[in-house]
2 protein chains.
Amino acid sequence: MEIQGLPGRLLAHLGPAIASGELPAGTVLRAEELEAQHGVSRTVVREAVRILESMRMVEPRRRVGITVRPRGDWDVFDPLVIRWRLAGADRSAQLRSLGSLRVAVEPAAAALAARNASDDDRRELGALAVELTVTARAADLESFLAHDIAFHAAVLRASGNEMFAHLKDTVGAVLTGRTEHRLMPHRPREYAVQLHREVAEAICAGEPEAAERAMRTIVVGALEELDATLTN
Amino acid sequence: MEIQGLPGRLLAHLGPAIASGELPAGTVLRAEELEAQHGVSRTVVREAVRILESMRMVEPRRRVGITVRPRGDWDVFDPLVIRWRLAGADRSAQLRSLGSLRVAVEPAAAALAARNASDDDRRELGALAVELTVTARAADLESFLAHDIAFHAAVLRASGNEMFAHLKDTVGAVLTGRTEHRLMPHRPREYAVQLHREVAEAICAGEPEAAERAMRTIVVGALEELDATLTN
DNA sequence: AGCTTGAATAAGTCATACCTTTGGGTCTAC
DNA sequence: GTAGACCCAAAGGTATGACTTATTCAAGCT
């Protein structure tokens, strides 16, 4: 999944540095300096910078240098950008944005899943709902998180829409992030687990409206909890 | 916006070739061949390939070559990938996916806009609604398209969510695409224009539910028309 | 048959030389 | 003194040759 080799390493330094605001918009980097600072050759620096350019995070210009572009220009849907932002200073803003995106997408995905899911998809969702119930009761947060991620990924995939399906890693990152940063109750709420069961049942039964409604309740609830936590 | 220089040119060949299926998944390219075929140096080839790698469209491996990855792996949200797919063979599938995405996102964006839009945003939306009405009546398809794109972009931006806002180019590409490929009525439908006015009015009046409802009608209608056209 | 080993191959990296664009300073003409 | 043309230096852009490293495949050994 990651970019390999030395350019990957360089990217793993530059990306987070820019995303975190350590290198704010307008900062000018010079390729030669990057070579020296990281002890790599021109080739490596250029490839890393090219990738950042393709993410619209920097703009190299002759006679000037490599300029950091304002946040508004970045490819906010790029998985790497999302990860870097989640790890850095504006984690809150990123979580909020992603929360709204989930509110828009996941209910629609659930409705589509109720129409399009294959038998295997439905079976998997049923099984995951059971796992969620069990791990929640056992207060096994780690397993619960893993199954929660798998559940939402399964719904997105079952929707049959490739673009929805591709949001699974992003949603996974959000769920992981809020657990890591203690933005969640110590123990999964029973009513949230109940809602997941409802989603699974509605999709299995082929009831789009019910699936959409239950999923909407889940993601709206998550967004509200997030807002409540972040504004404090 | 584009990637500059020779790597950009190379990318403009390779990207569409892969997206169109001309180079199907599993195809193995060799860097040396690409150099010869395009008359460029290793440097250029490597940078272009790196970018494709960051889009997850290819995977370079030592002793093997540069392998084209299956469609399912691609970064389907990358603007370049979207454009290449829209230009190529699976334009239909891409339009369908984007249609569903619009159905999910734009109503939510309209609702948010009714809450968060600035006074300037509201003014702009009002003005654009007027323009849409006028150009529709004049059957000036070109102007209508431009204002339609601007209208949807304005709603997305007014939502205050950066991720929604970044979908403006994508939505613009969809609208342009369906006009270009005659997937639209010769003359904008009066009832569609009416709905745009309703969206603008609801956002101006700060009525989220009304804005969301009207926008949903618009995008659902667009998706249904698309489906009807493509299945024929 | 299974394991080891080695050689061939293709990408990865480095160093260097040179090209091209462009920003800014200077010099001139008015 | 200001406006314009002009030139130079600085920075990225490209090309190339030498070398490194990982990986596959097959030959050969046990």
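Excluded from the calculations below are hydrogen atoms, water molecules and symmetry mates; all remaining heavy atoms, backbone and side chain alike, are included. The chains referred to below are lettered A, B, ... by the order of the sequence lines, with proteins before strands, and numbering in each begins at 1.
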Could you write out each protein N or O paired with an N or O of nucleotides 26-28 of chain D at a distance under 3.5 Å?
none

Nucleotides 13-17 of chain D: which of its N/O atoms have a protein N/O under 3.5 Å away?
| from | atom 1 | to | atom 2 | distance (Å) |
| --- | --- | --- | --- | --- |
| dG13(D) | OP2 | Arg46(A) | NH1 | 2.7 |
| dG13(D) | OP2 | Arg46(A) | NH2 | 3.4 |
| dG13(D) | O4' | Arg62(A) | NH2 | 3.2 |
| dG13(D) | N7 | Arg42(A) | NH2 | 2.9 |
| dG13(D) | O6 | Arg42(A) | NH2 | 3.2 |
| dT14(D) | OP1 | Leu6(B) | N | 2.8 |
| dT14(D) | OP2 | Arg50(A) | NH2 | 3.4 |
| dA15(D) | OP2 | Ser41(B) | N | 2.9 |
| dA15(D) | OP2 | Ser41(B) | OG | 2.8 |
| dA15(D) | N7 | Thr43(B) | OG1 | 3.1 |
| dG17(D) | N7 | Arg42(B) | NH2 | 2.6 |
| dG17(D) | O6 | Arg42(B) | NH2 | 2.4 |

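The CG atom of Leu29(A) sits 9 Å away from the P atom of dG12(D) (whole-angstrom rounding). Rounded to a whole Å, the CG atom of Leu52(A) is 16 Å from the C1' atom of dG12(D). One interatomic measurement links the two molecules: CD of Glu59(B) to C1' of dG12(C), which rounds to 15 Å at whole-angstrom precision. Distance, Arg63(A) CZ to dG24(C) C1': 6 Å, rounded to whole Å. The nearest whole Å value for the distance from the CD atom in Glu32(A) to the P atom in dG12(D) is 8 Å.
When atom types are taken as modelled, the side chain of Asp148(B) and the backbone of Leu145(B) share no donor-acceptor pair closer than 3.5 angstrom. Counting only distance, with no hydrogens or angles, the side chain of Arg91(B) and the backbone of Ala89(B) share no donor-acceptor pair below 3.5 Å. With hydrogens and angles ignored, the 3.5 Å screen pairs no side-chain donor or acceptor of Ser143(A) with any backbone N or O of Asp140(A). Using a distance-only test at 3.5 Å, with no hydrogens or angles considered, no donor-acceptor pair links the side chain of Asp73(A) to the main chain of Arg56(A). Looking only at distances, no side-chain donor or acceptor of Arg50(B) sits under 3.5 Å from a matching main-chain atom of Arg50(A). A donor-acceptor pair under 3.5 Å is formed between the side chain of His166(B) and the backbone N or O of Trp74(A).
Using a 4.0 Å heavy-atom criterion, one finds that Leu34(A) contacts no nucleic acid atom at all.
A donor-acceptor pair shorter than 3.5 Å can be found between the side chains of Glu162(A) and Ser97(B).
The aromatic rings of His196(B) and His152(B) sit perpendicular, their planes meeting at an angle over 60°, well past the 30° parallel limit.
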